[in-house]
Amino acid sequence: MKLPSDADASGRDFDDQELALLKEVINSGTLNCTKGTQVNTLEKEIAEIYGIAEVRAVSSGTAACHTAYAAIDPEPCDEIIGTPVTDMGAIAPMLYQGAIPIFADVDPVTLNITPESVAERITERTRAIVATHLFGNPCDMAGIQEVAARHGIPVIEDCAQAFLSECNGRLVGTIGDIGCFSLQQGKHMTTGEGGFVMTNNEAYARRMRLFSDKAWGYGDPNPDHYFLALNYRLTELQGAVARAQLAKLRGVVSRRQATAAAFTSLLEDLPGLTLPSAATGSTHVYWKYPLIVDPNVLGGADGFGAALKERGVWCAPRYIQKPAFMCQLFTERNTFGKSGWPYTARKAAGLDEVTYDEAEYPGTRQGLARVVVLPWNEQYTDEHVGFIAGAVREVTEQLSSRGAGLSGAGSEAAG
Ligand SMILES: Cc1ncc(COP(=O)(O)O)c(C=O)c1O
């Protein structure tokens with residue numbers, strides 16, 4: 001069976017609404033947001049839905065994260081705590097702002113950072129905590145906020161995968177100090193590339209607006225380029241598509257939640273599988289559907305994923321494969337020329353050297369060794385859900401009947 005894919009029209013929700021707004025933009029002849037109306041209106045519409053004071057549209061999720069870090073304005077060698085299980089677009093901008101990424105371990109089932117793992121990493125140089133709501137399942141925001149408040153540190157929520165997720169009745173993105181979102185092709189709503197940031201904090205709002213537009217003080221009595229900043233503006237064409245997509249967002253999320261609930265109910269009795277669920281008071285919006293496989297019952301994620309693929313169900317065993325800090329960027333310190341900055345600057349200032357040791361991340365190792373990420377999509381029908389559930393059932397029954405110590409179980413021996 002061919003499953004809808006978010007890479008093309010089969011799994012995306014584009015129609016005459018996007019076309020009508022695009023036509024308006026083309027007819028207006030204004031494709032740039034500083035002169036047009038679409039991006040401006042989009043920002044107001046998102047602010048209204050989220051009940052937040054300020055929304056700034058930017059050119060990607062990476063740009064959204066960068067804009068958030070720039071709003072916090074760390075000093076060189078300050079530390080930002082985040083997760084090692086995320087897209088590099090959430091981490092690289094820390095280095096561009098001169099800050100050093102510090103990684104907190106994740107819970108092996110949700111693969112989210114926890115209040116405890118964050119607390120362990122706080123030092124006097126910590127300038128921000130980034131809570132990434134992975135796969136659409138919210139972090140324990142109450143706990144993380146409490147740790148942050150104890151130290152007077154702002155919290156940035158990375159909601160790239162978590163549109164309209166709620167945590168204790170509040171939309172993620174509005175709970176911390178700044179929320180970041182991505183509008184890349186595979187997200188709950190998309191403009192191909194794009195993103196936005198949100199905040200209720202006036203000082204952050206001003207820096208976010210300035211940073212994403214070369215720090216030029218538009219509308220000020222004596223405008224200037226006030227500080228080092230980039231052009232991260234969204235175009236009017238993207239703004240038009242985003243507005244049409246925004247109008248469909250609630251429906252997209254509800255459809256994903258309904259089919260995911262049906263899928264869960266078809267698999268609940270299976271041995272060795274932990275299915276995703278949100279904590280009490282929170283909602284999962286199923287950007288993806290992560291299965292956690294018990295290696296003692298089903299072998300490792302790789303074997304389980306390979307068997308699923310043989311049955312025509314695409315999946316990503318081990319998600320990003322390895323913790324972000326094991327990528328060459330970090331292992332070789334490939335940052336600015338051959339300088340190794342800001343790591344080397346930190347050393348030169350007589351501060352402790354920052355090193356990343358996989359052994360200190362048992363939750364991350366276990367989580368990545370066990371997770372098999374299934375794509376999820378608002379266009380899935382009961383037939384699609386039944387087909388995927390049938391394949392998962394077959395694989396689970398086959399592997400579990402072979403007993404423990406299966407091929408792939410060894411892949412977690414170190415985890
Ligand atoms: C959690 C998270 N943060 C940040 C990003 C970066 O977003 P973009 O690819 O739009 O730059 C992504 C992208 O997939 C993501 O999943």
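Atoms within a ligand are numbered from 1 in the order they appear, just like the ligands themselves. Values below: all heavy atoms of this structure, side chains included; hydrogens, waters and symmetry mates excluded.
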Cut-off 3.5 Å, no hydrogens considered: what does the side-chain donor-acceptor table look like for residues 56-64, sequence neighbours left out?
from, atom 1, to, atom 2, distance (Å)
R56, NE, S212, OG, 2.7
R56, NH2, S212, OG, 3.4
S60, OG, T62, N, 3.3
S60, OG, A63, N, 2.8

Fill in: Within 6.0 angstrom of L351 CG, more than 12 heavy atoms from elsewhere
yes

Worksheet item: So, do R127 and E79 sit near enough that their side-chain heavy atoms are less than 4.5 Å apart?
Response: no

Practice prompt. Could you tell me whether the side chains of T110 and N137 share a donor-acceptor contact shorter than 3.5 Å?
Written response: no

Discussion item. Once salt bridge (charged side-chain N to carboxylate O under 4.0 Å, His left out) is applied, do any residues pair with D177, and if so which ones, sequence neighbours excluded?
Written reply: none

Worksheet item: Under a 4.0 Å heavy-atom cut-off, what residues line ligand 1?
Response: S60, G61, T62, T86, D87, A90, T132, D158, A160, Q161, S182, Q184, K187

Discussion item. Once side chain to side chain donor-acceptor pair (under 3.5 Å) is applied, what residue pairs with a partner in residues 163-172 remain, sequence neighbours excluded?
Written reply: none

